[in-house]
Protein chains: 2
Amino acid sequence: MQKNKAASNCVECVLAKQCVPSGMPANKLFRFENIVQTNIPYKMGEALFQQHTETSFLYVVKTGSFKTKMISPHGTEHVHNFFLPGEVIGLDSVGLGMTLNSADALEASLACKIDYPSLRMLRKEFPTLSDFSVKLYSTALASMSRVQNIISLQSASSRLAAFLILYHSRISSSNLQSSSFQLPMTRQDIASHLGLAVETVSRSFSKLIDTGCINKDGRKIQILELKKLEQLANSSAR
Amino acid sequence: MQKNKAASNCVECVLAKQCVPSGMPANKLFRFENIVQTNIPYKMGEALFQQHTETSFLYVVKTGSFKTKMISPHGTEHVHNFFLPGEVIGLDSVGLGMTLNSADALEASLACKIDYPSLRMLRKEFPTLSDFSVKLYSTALASMSRVQNIISLQSASSRLAAFLILYHSRISSSNLQSSSFQLPMTRQDIASHLGLAVETVSRSFSKLIDTGCINKDGRKIQILELKKLEQLANSSAR
DNA sequence: CGCTTTTTTGACCAGTTTCAACTCAAGTGG
DNA sequence: CCACTTGAGTTGAAACTGGTCAAAAAAGCG
């Protein structure tokens, strides 16, 4: 059966797998699949949505990565978050129906687009879908908490160290845990995200290499000593 | 009818007002009121809950204020957020059933305690309750976004200015908008929240006074020139 | 292979942290 | 009632981190 096959290996169907009751009749399943546009391709730099526009969609990253950024009325830009495969973009916006930030692809990527009003209607029929939504939101809040912790660290190296640890934990939750990985974003993006200058990010990378915590070749990072890195991330001293 | 009177003026019943269908039968209403403990008093410094403990409650601030803080495994403490009347504490934790941070009263306060599993069961019967939950979460995410924006500002005065603006907007949404208000938290709390040293917070206050943006007497703040303050908050320069 | 963009490095200066001393208000107990 | 203690908040001086500007090196890209 084609539908089962599709449900077993595509990221957007994590949703389906976790929230649709197993005894769901075929016609309902069809309806569920209808509210999801699967595997929409996005080129590097292409926008998922613009800031301050109407929206009624959630996006699930399938492959690649995205960033969300917020432009203040005075023109300063701030990178809010990065999104990796399996993560959901737009949770903060669909409640209001307006985007609070814009989202861009950091590389050639695939994403699935979920029509939120339809999902909302569907929640009424399937209570477990509601629990799932809440769990998604709860996870998103918890994840933002971690980010806030990182940004409020005082030393630049601590922030970068903490950022790398978090990033590593996020990719290795899906992949097998390997100590090396590829960063999809520019140093400028990291700098904006962490509230630092680009040059400081670069220097902090050098410092982490000098202390033997990591190795790097361009955007490819290898964690050599996770414990040392964690110490650095948690040291209140500069 | 006693129940209607209670529902009309207590903060926790914002929940009830917004999410319980108007034609709700009396026996259901009774059940709903049963899952909320109203007006629990907390002394200054008393904990709502501790970090890394099991939880199944949401809290709505009725009067006073609270802070949430996270203690890292290495002992450093970070103030995550402050909560004012009408705001909900614990949204990030109930999904997992474990607290990610601890919450303390900043002054003598009243809070309402909602049993989450019961609320969750109730969601199945009342779909609008589900929409309300999502709206709550969406708001919480948006609010965290604003905080993240503030913390990632580079200059200390900008952070403090932005913090005061946000705080002011939060209290004056319930009160009539007056330009002066009382901060319930210590300078240390503000410093931890903004990722600064206490002395820097103090000096930043002085700077805001020198530039004629605000006036202060201890923890009582008066905003003199909101536009100037906003400029300061949005200036990328130090 | 030239071009642009990204990243790194150096030097200098400004802002923040740190440490220390001090003020102020509130609470304690003699 | 007053000395004493305690904690919060402020202020000053010195050290140092990180921002800024400038320029070079490296990496992408047509």
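Residue numbers begin at 1 in each chain, while the letters A, B, ... track the order of the sequences.
- Residue pairs meeting the ring pair (Phe, Tyr, Trp, His ring centres under 6.0 Å) criterion with at least one partner in residues 201-228 of chain B, sequence neighbours excluded, do not occur; the list is empty.
- For the salt bridge (Lys or Arg N to Asp or Glu O under 4.0 Å) test, residues two or more places apart in sequence or in another chain that qualify with A:E77 are A:K69.
- Within 4.0 Å (heavy atoms only), B:T200 reaches at least one base atom of the nucleic acid.
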Restricting both atoms to N or O, compile the protein contacts to nucleotides 19-22 of chain C shorter than 3.5 Å, with distance only.
residue, atom, partner, partner atom, Å
C:dC19, N4, B:E199, OE2, 3.2

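- Distance, B:L208 CG to D:dT10 C1': 15 Å, rounded to whole Å.
- Listed by first and then second residue, the ring pair (Phe, Tyr, Trp, His ring centres under 6.0 Å) pairs that reach into residues 83-103 of chain B come to none, sequence neighbours excluded.
- Listed pair A:S206 / C:dT9 meets the phosphate criterion, a side-chain N or O lying under 4.0 Å from OP1 or OP2.
- Residues passing the side chain to side chain donor-acceptor pair (under 3.5 Å) test with B:S192: none are found, sequence neighbours excluded.
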For residues 217-233 of chain A, tabulate all N or O donor-acceptor pairs below 3.5 Å that involve a side-chain atom, not counting sequence neighbours.
residue, atom, partner, partner atom, Å
A:R219, NH1, A:P184, O, 3.2
A:K228, NZ, A:T211, O, 3.1

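- Counting heavy atoms from C-beta outward, A:I71 and A:T76 have side chains that stay 4.5 Å or more apart.
- At whole-Å resolution of the value, CZ in B:R219 and C1' in D:dG7 are 10 Å apart.
- Between A:S155 and D:dT17 there is no side-chain polar atom (N or O) within less than 4.0 angstrom of OP1 or OP2.
- Atom-to-atom, CD1 of A:I151 to P of D:dG18 comes out at 16 Å; the value is rounded to the nearest Å.
- Comparing the start and finish of the helix from C:dC1-D:dG30 to C:dG30-D:dC1, five pairs each, the helix axis swings through 40°, to the nearest 10 degrees.
- Between the CD atom of B:Q188 and the P atom of C:dT17 there is a distance of 12 Å, rounded to whole Å.
- Partners of A:E199 under the side chain to side chain donor-acceptor pair (under 3.5 Å) rule, at least two apart in sequence or in another chain, do not exist in this structure.
- Aromatic pair A:F82/A:F66: ring centres not closer than 6.0 Å.
- Look at CD on B:Q154: it is 13 Å from P on C:dT17, rounded to the nearest Å.
- Under the side-chain contact (heavy atoms from CB on, under 4.5 Å) criterion, B:L153 pairs with B:S158, B:R159, B:A162, not counting sequence neighbours.
- In this entry the distance linking NZ of A:K216 with P of C:dT8 reads 4 Å, nearest Å.
- The cationic group of A:K113 does not satisfy the cation-pi geometry with A:Y59, failing either the under 6.0 Å distance to the six-membered ring centre or the 45° limit from the ring axis.
- A search for side chain to side chain donor-acceptor pair (under 3.5 Å) contacts involving A:T139 returns nothing, not counting sequence neighbours.
- A:S202 comes within contact range of at least one nucleobase, with a heavy-atom separation under 4.0 Å.
- One interatomic measurement links the two molecules: CG of B:D189 to C1' of D:dG9, which rounds to 13 Å at whole-angstrom precision.
- For B:S152, the side chain to side chain donor-acceptor pair (under 3.5 Å) partners two or more places apart in sequence, or in a different chain, are A:H78.
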Within the sub-3.5 Å range, which N or O atoms of nucleotides 25-30 of chain D have a protein N or O partner, and how far apart are they?
none

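- When the nearest nucleotides of DNA chain D are assigned to B:V198 and A:L196 by heavy-atom distance, the more 5′-ward of the two goes with B:V198.
- Following rounding to the nearest Å, A:L160 (CG) and D:dT17 (P) show an atom-to-atom distance of 17 Å.
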